[in-house]
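So you know, we letter chains A, B, ... as the sequences are listed, proteins then strands, and number each from 1.
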Number of protein chains: 2
Amino acid sequence: MPVATVKYYLREGLLPAGERISTTRSEYGEEHLRRLGLVRALVQVAKMPIATVRAVLAAVDAPGSTLHYRLGAAVSSLPDGVGIEADGIDPAVERTVTELLSRLGWEFGLSAGEGYPPYRMLLRAVATLRDLGYPCDTETLLPYARAATTAAEADLDLIQGAGGSEKRIEAAVLGTLLYEPVLLSLRRIADAEESNRRFGGES
Amino acid sequence: MPVATVKYYLREGLLPAGERISTTRSEYGEEHLRRLGLVRALVQVAKMPIATVRAVLAAVDAPGSTLHYRLGAAVSSLPDGVGIEADGIDPAVERTVTELLSRLGWEFGLSAGEGYPPYRMLLRAVATLRDLGYPCDTETLLPYARAATTAAEADLDLIQGAGGSEKRIEAAVLGTLLYEPVLLSLRRIADAEESNRRFGGES
DNA sequence: CAACCTTGGAGAGTAGGACTATCCAAGTGT
DNA sequence: ACACTTGGATAGTCCTACTCTCCAAGGTTG
């Protein structure tokens with residue numbers, strides 16, 4: 001990786017400055033190297049814009065009251081759809097989503113509601129599907145929610161498996177983000193598999 | 001939506017030209033409008049680059065032998081990680097992934113192997129996790145694969161529910177892409193839910 | 001039928017993002 | 001002593017997704 005890029009990340013505040021030894025020298029340790037690896041992973045694998053990476057890392061570093069609260073704050077910091085205006089969403093879509101969440105017994109998601117970025121992201125995505133004529137009633141969405149639940153349980157197992165409170169926060173945010181491509185690629189492979197199973201012999 | 005943008009899409013070959021009525025007038029119908037909606041959805045919701053959208057639409061439009069083959073070809077056209085060199089991947093990662101696929105009985109995925117973009121995407125993602133010290137053994141990945149299977153079954157149900165062969169191809173590719181944000185946002189909401197369940201009362 | 005408006009088409013221009021290259025002054029190593 | 005490196009700052013590059021400006025040919029309205 002080119003030096004200029006590291007300098008750029010330093011400037012952008014994605015990496016903490018090393019310890020100054022003299023005017024022309026700073027010392028970087030294991031921690032810095034790991035952080036650099038994280039940044040690279042977020043930028044290249046999770047394809048996040050620099051500004052988002054900065055926000056995410058800041059949220060991970062920020063102190064907070066309870067672990068659960070910090071987890072929520074950190075995930076909320078993933079803008080992943082800035083400028084998604086919640087306005088102009090068909091009320092029918094909102095009703096469908098609300099029904100889905102309550103059907104699953106996701107009280108927390110229901111109460112967090114509007115303010116939670118993933119919720120707005122979901123509304124937007126469902127509204128798009130609707131506009132294009134793809135089915136998106138509660139019944140259709142349920143299997144996806146079940147799949148999401150399975151993934152979430154695995155996520156939380158990972159988080160609980162992590163060492164201290166700090167490590168858990170990191171695992172929560174970065175783990176969630178970094179396992180995302182894993183889930184997506186597995187889904188596509190599973191699609192091919194299932195398609196082969198159902199249509200394999202067809203002409 | 002600004003006219004200039006539509007002109008741009010036309011130039012880029014994302015939209016077919018309308019029927020010429022005279023030198024200065026073309027006629028656009030329902031089909032064109034729908035296509036425009038699709039392009040918009042792929043660009044804004046699925047956050048795909050223009051070049052990828054063109055490739056995807058071309059794959060959807062292209063003729064082919066069997067339905068299953070065309071589905072595969074269409075999904076393969078999603079570069080979603082162009083320039084991912086399969087080289088330099090730790091053989092241990094490859095072994096883990098192979099073991100995972102065979103554990104699931106995904107013979108097709110195993111045989112399609114290297115050439116299939118999602119497979120390379122998976123290798124890359126797992127390798128990154130490994131480098132950062134996150135667990136990514138077969139055991140850890142299994143739940144995600146199970147979640148992926150659930151989603152894939154829902155995908156194929158949707159595809160089978162679609163009308164003709166053409167409609168199915170479209171549903172396969174575009175549906176897969178457009179339900180992706182649904183799955184991702186549901187996962188994040190499920191994460192919050194599960195976190196609340198496990199850590200809700202903790203300090 | 002004349003003044004005005006619209007459209008398709010082509011080319012250049014813009015804004016933002018992620019680097020990348022160049023300089024320079026202040027050290028370092030031999 | 002002298003080539004070499006590093007931190008820091010500034011400016012430049014490349015790419016992408018638009019957006020603007022023109023123009024000529026064709027409609028539209030009073």
*In whole angstrom, give the distance that lies between atom CZ of A/Arg54 and atom P of C/dC19.*
13 Å

*Return no unless some side-chain N or O of A/Tyr9 is found under 4.0 Å from OP1 or OP2 of C/dC19.*
yes

*asked:* For A/Ser195, run the side chain to side chain contact (heavy atoms under 4.5 Å, CB included) check against B/Leu156, B/Asp155, B/Ile159 and tell me which one passes.
replied: B/Leu156

*Are A/Thr5 and C/dA18 close enough that a side-chain N or O sits under 4.0 Å from OP1 or OP2?*
no

Dump every N/O contact between nucleotides 6-8 of chain C and the protein below 3.5 Å, one line per pair.
{"residue": "C/dG8", "atom": "N7", "partner": "B/Lys7", "partner atom": "NZ", "Å": "3.3"}

*Under the salt bridge (charged side-chain N to carboxylate O under 4.0 Å, His left out) criterion, do A/Glu31 and A/Arg34 qualify, and how do the steps go?*
CA-CA 5 Å; A/Glu31 271 313 299; A/Arg34 181 181 160 70; 5.3 Å; no

*asked:* Output the rounded distance in Å from CG (A/Leu15) to P (C/dC19).
replied: 12 Å

*Report the residue (B/Val43 or B/Ile21) whose heavy-atom-nearest nucleotide on DNA chain D is the more 5′ of the two.*
B/Val43

*Give the nucleotide from the list C/dA18, C/dG11, C/dT20 with an atom nearest to the side chain of B/Arg11.*
C/dG11

*Any donor-acceptor pair under 3.5 Å linking the side chain of B/Arg124 with the backbone of A/Val45?*
no

_Residue pairs, two or more places apart or on separate chains, that pass salt bridge (Lys or Arg N to Asp or Glu O under 4.0 Å) and touch residues 138-153 of chain B_ = B/Arg103-B/Glu139

_A/Tyr134 and B/Tyr179 aromatic ring geometry - parallel, tilted or perpendicular at 30°/60° bounds_ = perpendicular

*Atom CG of A/Leu42 to atom P of C/dG17: distance rounded to whole Å?*
18 Å

*Separation of C/dG11 P from B/Tyr8 OH (nearest whole Å)*: 16 Å

*Taking C-beta and beyond as the side chain, do A/Phe199 and B/Arg168 meet within less than 4.5 Å on heavy atoms?*
yes

_Taking any atom closer than 4.0 angstrom to a non-hydrogen atom of chain B, what span of DNA chain D does the protein reach, first nucleotide to last?_
D/dA17 to D/dG27

*Set of residues satisfying side chain to side chain donor-acceptor pair (under 3.5 Å) with respect to B/Asp131, sequence neighbours excluded*: none

_Between C1' of C/dA18 and CE of A/Met48, the distance in whole Å_ = 16 Å

*What pairs meet the salt bridge (Lys or Arg N to Asp or Glu O under 4.0 Å) rule with one or both residues in residues 48-58 of chain B, with sequence neighbours excluded?*
B/Glu12-B/Arg54

*Please identify each residue that fulfils side chain to side chain donor-acceptor pair (under 3.5 Å) with B/Thr176, with sequence neighbours left out.*
none

